[in-house]
Amino acid sequence: MEGGLSGNTVVPNSNDKSTVLDVKPLRMLIPQFPDTSEGPPFVCVPPNGPFPSGFSPFFPFSGPQGSQSTPDLNQNGLISTILPIRSFRVENASPMDAAHGTHKQKSVASCSVKKKAKVDKGSKLSFTTPINFDPGISLSERDDGNRELVENVLSRFDALRRKLSQMEDAVELHSGIIKRSDLKAGNMMMSKGVRTNMKKRIGAVPGVEIGDIFFFRMELCLVGLHAQSMAGIDYIKGELEGELVALSIVSSGGYDNDAEDPDILIYSGQGGNAGRDKEASDQKLERGNLALEKSLHRGNEVRVIRGFKDAIFQASKVYVYDGLYKIQESWMEKGKSGCNTFKYKLVRIPGQTGAFATWKSILKWKEGVSSRVGIILPDLTSGAESTPVALVNEVDDEKGPACFTYLATAKYLKSFDLVQTTLGCNCHDACRPGNSNCSCIKKNGGDFPYIANGVLACRKPLIYECGPSCPCIRNCKNRVSQGGLKFHLEVFKTSDRGWGLRAWDSIRAGAFICEYAGEVFDRDKARQDDGDGEINECIFYTNRLYEPFKWNYEPELVGDASSDATEDYDIPSPLTISAKNNGNVARFMNHSCTPNVFWQPIVYEHNNGAYLHICFFAKKRIPPMTELTYDYGTPCQNETEGDNTTSGRK
């Protein structure tokens, strides 16, 4: 460097990022040392000193002097003077400008202002995840998953998304933040390595089964089923001459697809759609379209995910993995816009489990239940529920379970002082998240227990809902368990467990399914066998031992490492409900050691008293026609449920 150190202007110890260093460029690879006659001798010292007389450190290494030992990077004095590289950026260039080496002062300035405004709106929801966060997933497991890993990732995503949505709802009255908890949760999990099947592959994805359902596109990315969060075609460069190979497609109505046949899909290529600032145009044979064309000639398998409107929540979509297809032919035709569109005919590989075909059958049953094979009764509730419950037997000739009177909710034969009575809320319209004056929200620890679509945000020892004594409207969002059945349920004959319960609809994790309705007894009455000598198999005990499980979000992911919230139930006094003679659909739910449903105690007030109700929620996402089960628990050692300790377990 010509002139050595004497040719450089030393900048004082300052954090002024606008300061320009007068440093001469390196003009040749061979170092040039100044002659002693031309200037002071060449001095080589570490960036942090010590420096001989007449020399001082240059920015940004202008830290404390006087120590010859290696500096401790954890010392606050040094960290305060060392600045990250991004601190030296004087202007924010967009990725497009950076790629082309261009810069427009006016456009960049306006862009940065908009970006800052968005950050300000969401500043109340900023999170700090610990640097040493352990995702519990090894590097090899991130590349190649299994069933347990896939379910683990989806469960953790659900829990985090629900918590973020709850937090967004709480600031809705005070901020105009964009409510996309699914994108936020997905990005947080990806950045922390909570994902699997990152290695792209042709064909089946380890741990993902045909018929699996998803409610957000980010979930497809997290489990490696479809890596594109927006685009409908996922592809890679193949090993053969680097040509593109299609891996998966999502058909969800964004284009003019023919998706009625359960075994054949006519898929439209991507691109060419009209937008806010552009007109419709001819599609081009590039990217995903080219990958599909290459896969047609290559003959490789393509994963197909079909998306459609949620039958219960019409504003949302459900995605179902329909298995492997092969592209049979392709052509170009005029679309509805009048522009040329690529068309691809995909045919489902025979022998796979039915997925989309099941959804098509359910649509026919809803149009006319008589088309359901094995139907015994179109409505088991005889109109007691707003949504009918079918009774079906496809196994044998049994015409139904023993007779019982249908009840929609628990029936208290006498008053029990299970929960201390308190005043209802003072909301005159509807209870709203973030309302610090709502007494019902206060009783729930300051958090609104439900998010959009009536989904339970977190398990709690006890949840307080608004009751008849509250002045809020009947469809208040804090009355989820009192609205009756929302899903189309079916009581069906199982092959080896008597009668069971399942749904025709897809069920989200945290969705309310039903209450355990029946007659509420005291402990002495519950130990009796009703005088007929028969074991009461339709009975619920709150004081049994239940297998503990973690369902709520991970506090570390939202910067809440100090959270000590418990999920263990807190019921002041044991509750026993018998559904033998009077009950509802919950009496047909069977036991499982790996259940997909859990129970949650809920309290709301009526008749000047606080009454406890046992309500069931989905533990995870449940595809249609999947049996609903929960953990019956095991009796305590000092518990004698009548003369038979197996009473209450099917």
Residues 448-460 vs side-chain hydrogen bond (donor to acceptor under 3.5 Å, both in side chains), sequence neighbours excluded, gives Tyr450-Glu465, Arg459-Glu567
Exercise for review: Determine yes or no for a side-chain-to-main-chain donor-acceptor pair under 3.5 angstrom, with Ser155 supplying the side chain and Glu151 the backbone.
Suggested key: no
Rounding to 0.5 Å, atoms NZ (Lys163) and CG (Leu160) come to a distance of 10.5 Å
Note to self: Distance alone, cut at 3.5 Å: any donor-acceptor contact between the side chains of Trp331 and Glu333?
What the structure shows: yes
| Check against side-chain contact (heavy atoms from CB on, under 4.5 Å), Leu222 and Leu154 | CA-CA 8 Å; Leu222 289 171; Leu154 292 176; 5.6 Å; no
Nearest heavy-atom contact between Val480 and Gly454 is CG1-O, 3.7 Å
Salt bridge (Lys or Arg N to Asp or Glu O under 4.0 Å) pairs touching residues 133-142, sequence neighbours excluded, are none
side-chain hydrogen bond (donor to acceptor under 3.5 Å, both in side chains) test vs Asp158 passes for just one of Lys620, Arg508, Arg621, namely Arg621
* Sub-3.5 Å donor-acceptor pair from the side chain of Asn596 to the main-chain atoms of Ala618, do we have one? -> no
**Message:** Using side-chain heavy atoms (C-beta onward) and a distance below 4.5 Å, is Tyr267 in contact with Lys343?
**Reply:** no
Quick note, salt bridge (Lys or Arg N to Asp or Glu O under 4.0 Å) partners involving residues 347-360, not counting sequence neighbours, are Glu260-Lys360, Asp322-Arg348
Start with the C-alpha gap between Leu225 and Ser248, add the side-chain angles, then the distance that decides, and say whether side-chain contact (heavy atoms from CB on, under 4.5 Å) holds. CA-CA 8 Å; Leu225 186 61; Ser248 59; over 6 Å; no
> Are the side chains of Asp144 and Arg201 in touch, meaning some heavy atoms are under 4.5 Å apart?
Replying inline: yes
Does Glu556 form a side-chain contact (heavy atoms from CB on, under 4.5 Å) with Lys192? I'd like the steps, not just the answer. CA-CA 11 Å; Glu556 298 83 4; Lys192 295 303 175 183; over 6 Å; no
Rounded to the nearest 0.5 angstrom, the CG-CD1 distance for Leu247 and Ile236 is 4.5 Å
Can you check whether Met230's main-chain N or O pairs, donor with acceptor, with Arg217's side chain at less than 3.5 Å? yes
Review point. Can any side-chain N or O of Tyr553 pair as donor or acceptor with the backbone N or O of Leu164 at less than 3.5 Å?
Key: no
- Message: Does either side chain, that of Ser316 or that of Lys309, offer a donor lying less than 3.5 Å from an acceptor on the other one?
- Response: no
Contact check, side chains of Tyr569 and Trp599, non-hydrogen atoms, under 4.5 Å: yes
Pair Arg502 + Glu490: basic N to acidic O under 4.0 Å | yes
Smallest heavy-atom separation, Asn590 atom then Glu627 atom, equals ND2-OE2, 2.9 Å
**Asked** Do Tyr344 and Asn289 pass the side-chain contact (heavy atoms from CB on, under 4.5 Å) test, and can you show the C-alpha distance, the side-chain angles, and the key distance before you say yes or no?
**Response** CA-CA 9 Å; Tyr344 302 91; Asn289 297 337; 3.6 Å; yes
| Distance-only, no hydrogens or angles: does the Asp182 side chain make a donor-acceptor pair with backbone N or O of Arg161 under 3.5 Å? | no
### Task
Report, as yes or no, whether the 6.0 Å neighbourhood of atom CD on Gln314 holds more than 12 heavy atoms from other residues, nucleotides or ligands.
yes
(request) Please work out whether the ring planes of Phe356 and Phe308 are parallel, tilted or perpendicular, with thresholds of 30° and 60°. (result) tilted
For Phe448, the ring-ring contact (aromatic ring centres under 6.0 Å, His included) test, sequence neighbours excluded, returns none
ring-ring contact (aromatic ring centres under 6.0 Å, His included) filter on Tyr319, not counting sequence neighbours, yields none
Between Phe617 and Ile513, the two heavy atoms sitting closest are C-CD1, 4.2 Å
dist Ser337:OG -> Gln283:CD (nearest 0.5 Å) comes out at 8.5 Å
With a 3.5 Å distance limit and no angle check, can you tell me whether Asn444 reaches the backbone of Asp447 through a side-chain donor-acceptor pair? no
Less than 6.0 angstrom from the centroid, inside 45 degrees of the normal: does Arg303 satisfy that with respect to the ring of Tyr321? no
Review point. Does a salt bridge link Lys284 with Asp282, judged by any charged N lying under 4.0 Å from a carboxylate O?
Key: no
Any donor-acceptor pair under 3.5 Å from Asn197 side chain to Pro206 backbone: yes
So CZ of Arg180 and CE of Met218: to nearest 0.5 Å the spacing works out to 9.5 Å
*For residues Met589 and Pro595, determine if any side-chain heavy atom of one lies less than 4.5 Å from a side-chain heavy atom of the other.*
no
Interatomic distance, CG@Leu501 vs CG@Leu628, rounded to 0.5 Å, equals 5.0 Å
Sorted by chain and number, sequence neighbours left out, side chain to side chain donor-acceptor pair (under 3.5 Å) with Glu554 holds for Arg156
Got more than 12 heavy atoms from elsewhere within 6.0 Å of CD, Glu286? yes
Smallest heavy-atom separation, Ile327 atom then Ser295 atom, equals CD1-CB, 3.9 Å
Smallest heavy-atom separation, Leu265 atom then Ser251 atom, equals CD1-OG, 3.9 Å
Under-4.0 Å salt bridge between Lys200 and Asp234: yes
Leu456 and Trp551, any side-chain heavy atoms less than 4.5 Å apart:
yes
Exercise. Between Phe215 and Val318, is any pair of side-chain heavy atoms under 4.5 Å apart?
Worked result: yes
Any side-chain heavy-atom pair of Phe342 and Ser330 under 4.5 Å: no
Checklist line | Pair Lys345 + Asp261: basic N to acidic O under 4.0 Å | finding: no
Looking at the rings of Tyr630 and Tyr632, which for Trp means the six-membered one, are their centres under 6.0 Å apart?
yes
Heavy-atom nearest pair, Ala452 first then Asp169, reads N-OD2, 4.3 Å
To the nearest 0.5 Å, atom CG of Asp143 lies from atom CZ of Arg195 at 10.0 Å
